[in-house]
Engineer: 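Please find one structure pasted underneath; my questions will follow.
Please read all numbers here as calculations on a predicted model, not as lab measurements.
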Amino acid sequence: MAELELDERKVKILNAIIKNYLETGEPVGSRTISKYTDLNLSSATIRNEMSDLEEMGYIVQPHTSSGRIPSDKGYRFYVDNLIQAKNQEVSEMKEWMIEKTEKMENLLKQVAKVLANNTQYATMISAPSVMKNRIKFIQLSVVDETQILSVVVMEGNIVKNKIITVDAPLDNETMLKLNMLVNTNLNGLTVNEINLGLITRLKEQAGAHGEIIAQVLDTVADTIQEGADLEVYTSGTTNIFKYPELSDSKRASELLTTFEEKQSLVEFLSDNDGNDTGIQVYIGDESPLSTMKDCSVVTATYELGDGVKGTIGIVGPKRMDYENVMDNIRSLKGQLDKILHND
């Protein structure tokens with residue numbers, strides 16, 4: 001194979017030429033490469049190596065310049081090696097994920113870290129939320145003459161208690177009827193399935209105790225909201241300093257604070273969980289977070305099944321490498337989806 005013609009030094013020089021040309025669009029000279037690589041070679045040595053690479057057909061010299069640009073063969077070598085390296089990363093990541101799936105926290109932290117390393121931007125990922133989780137059971141019980149206790153249990157054993165004040169004491173028969181009413185109508189439903197028609201019908205059937213039903217439904221909503229208090233894992237926040245337009249002290253400190261305090265990230269990612277599972281891109285003022293008005297944010301939702309979702313997000317400058325970001329986010333989202341569904 002042609003690749004065997006290239007020793008490690010030539011490969012490094014060729015990669016440096018291609019990367020530099022991809023970034024600048026300008027032909028690349030030996031002096032640029034001497035600064036660009038960690039080979040510590042003289043310009044004369046690099047010129048000799050570049051001459052060999054040109055003879056091999058990996059680079060060409062435009063007529064108007066002393067520098068070199070990649071040939072189709074050079075691009076092919078670069079891309080094939082890139083694909084091989086990325087496939088190896090994906091394979092290693094997949095093995096790691098499969099071993100650690102039971103440890104969701106480690107898994108998500110690793111995903112954030114891999115994304116940050118691959119993209120050189122700041123990343124965030126939310127733990128799965130229960131925005132569409134189902135009601136398992138509701139228990140109403142008497143506390144005293146003026147209070148009853150409402151206990152709502154959701155799938156995932158998320159529990160919310162609420163004291164409901166009543167105008168008059170409720171006897172055992174009334175409590176039994178109310179328990180049957182709410183459980184018969186609400187068990188197994190997601191919060192999205194509790195529509196206005198159902199609420200009206202429940203209140204009518206409860207008669208004088210319609211207000212109790214309303215407060216039980218408030219408890220359900222509170223339970224969902226409590227389940228939506230996401231854990232968010234972040235990585236690569238210091239990558240922000242690599243981009244001059246984001247690294248002035250005020251912008252950078254605001255962004256870092258957002259990533260450290262996380263509450264606004266939680267709110268943003270919670271809202272995003274309602275989106276479809278495609279990739280979303282927020283550019284500049286489109287971002288709902290004021291601290292990210294100078295950034296672009298790319299997100300995608302991954303699914304655990306049964307309406308349990310989380311969101312992956314990448315934050316970088318507006319001039320981010322969108323294609324690379326989307327490729328990375330799509331790849332890791334796909335792996336997460338598969339692993340979490342297989343569990």
Engineer: Could you check L14 against I18 for side-chain contact (heavy atoms from CB on, under 4.5 Å), going step by step and ending with a plain yes or no?
Structural biologist: CA-CA 6 Å; L14 176 58; I18 293 173; 3.8 Å; yes
Engineer: Parallel, tilted or perpendicular for Y282 and F268, by the 30°/60° rule?
Structural biologist: perpendicular
Engineer: Is a donor on one side and an acceptor on the other found under 3.5 Å between the side chain of N239 and the backbone of A122?
Structural biologist: no
Engineer: State, with a plain yes or no, whether a side-chain heavy atom of Y75 is found less than 4.5 Å away from one of L22.
Structural biologist: yes
Engineer: Same hydrophobic cluster for L178 and L176, using side-chain heavy-atom links shorter than 4.5 Å among ILVMFWY?
Structural biologist: no
Engineer: Tell me whether K262 at atom NZ has more than 12 heavy atoms from other residues, nucleotides or ligands lying less than 6.0 Å away.
Structural biologist: yes
Engineer: Taking atom CG as the centre, does D171 end up with more than 12 heavy-atom neighbours from other residues, nucleotides or ligands that are less than 6.0 angstrom away?
Structural biologist: yes
Engineer: Give a yes or no on whether the backbone of A16 and the side-chain of N20 come within a donor-acceptor separation of less than 3.5 Å.
Structural biologist: no
Engineer: Is the backbone of T311 close enough, under 3.5 Å, to the side chain of S126 for a donor and an acceptor to pair up by distance?
Structural biologist: yes
Engineer: Could you walk me through whether N328 and N324 pass side chain to side chain donor-acceptor pair (under 3.5 Å), step by step?
Structural biologist: CA-CA 6 Å; N328 273 283; N324 179 45; 2.9 Å; yes
Engineer: May I ask you to decide if the ring planes of Y58 and F77 are parallel, tilted or perpendicular, using 30° and 60° as cut-offs?
Structural biologist: perpendicular
Engineer: Between L202 and V216, is any pair of side-chain heavy atoms under 4.5 Å apart?
Structural biologist: no
Engineer: Could you tell me if the side chain of I33 sits less than 4.5 Å from the side chain of E49, heavy atoms only?
Structural biologist: no
Engineer: Less than 4.5 Å apart, side chain to side chain, heavy atoms only: is that true for I279 and K333?
Structural biologist: no
Engineer: Quick one, T299 and I312 - any side-chain contact, counting heavy atoms below 4.5 Å?
Structural biologist: no
Engineer: Using modelled atom types only, decide if a donor and an acceptor are shared between the side chain of S71 and the backbone of G57 within a distance under 3.5 Å.
Structural biologist: yes
Engineer: If you apply the rule side-chain contact (heavy atoms from CB on, under 4.5 Å), what do you find for L189 with L198, and how did you get there?
Structural biologist: CA-CA 11 Å; L189 295 185; L198 174 59; 3.5 Å; yes
Engineer: Would you mind reporting whether P62 and I69 have side-chain heavy atoms less than 4.5 Å apart?
Structural biologist: yes
Engineer: Are any non-hydrogen side-chain atoms of T119 and D321 less than 4.5 angstrom apart?
Structural biologist: no
Engineer: Main chain of L181, side chain of T184: is a donor-acceptor contact present, judged purely on distance under 3.5 Å?
Structural biologist: no
Engineer: Hydrophobic clusters here meaning ILVMFWY residues chained together by side-chain heavy-atom distances under 4.5 Å, can you tell me if I283 and V298 are in one?
Structural biologist: yes
Engineer: Quick check against the 3.5 Å criterion: does K73 have a side-chain atom that pairs as donor or acceptor with the backbone of M56?
Structural biologist: yes
Engineer: For side-chain contact (heavy atoms from CB on, under 4.5 Å), just list the numbers for V28 and R68, CA-CA rounded to whole Å, side-chain angles, deciding distance to a tenth of an Å, and then say yes or no.
Structural biologist: CA-CA 5 Å; V28 185; R68 307 295 199 284; 5.7 Å; no
Engineer: Is a side-chain donor or acceptor of S331 paired with a backbone partner of D327 at a separation under 3.5 angstrom?
Structural biologist: no
Engineer: Does D72 come within less than 4.0 Å of R76, counting only side-chain N to carboxylate O?
Structural biologist: no
Engineer: Set out, in order, the CA-CA distance, both residues' side-chain angles and the distance that settles salt bridge (charged side-chain N to carboxylate O under 4.0 Å, His left out) for R319 and E245, then state yes or no.
Structural biologist: CA-CA 10 Å; R319 62 184 175 99; E245 63 266 47; 2.8 Å; yes
Engineer: T258 and side-chain hydrogen bond (donor to acceptor under 3.5 Å, both in side chains): which partner among T237, T291, T234?
Structural biologist: T291
Engineer: Any side-chain heavy atom of L265 sitting closer than 4.5 Å to one from F259?
Structural biologist: yes
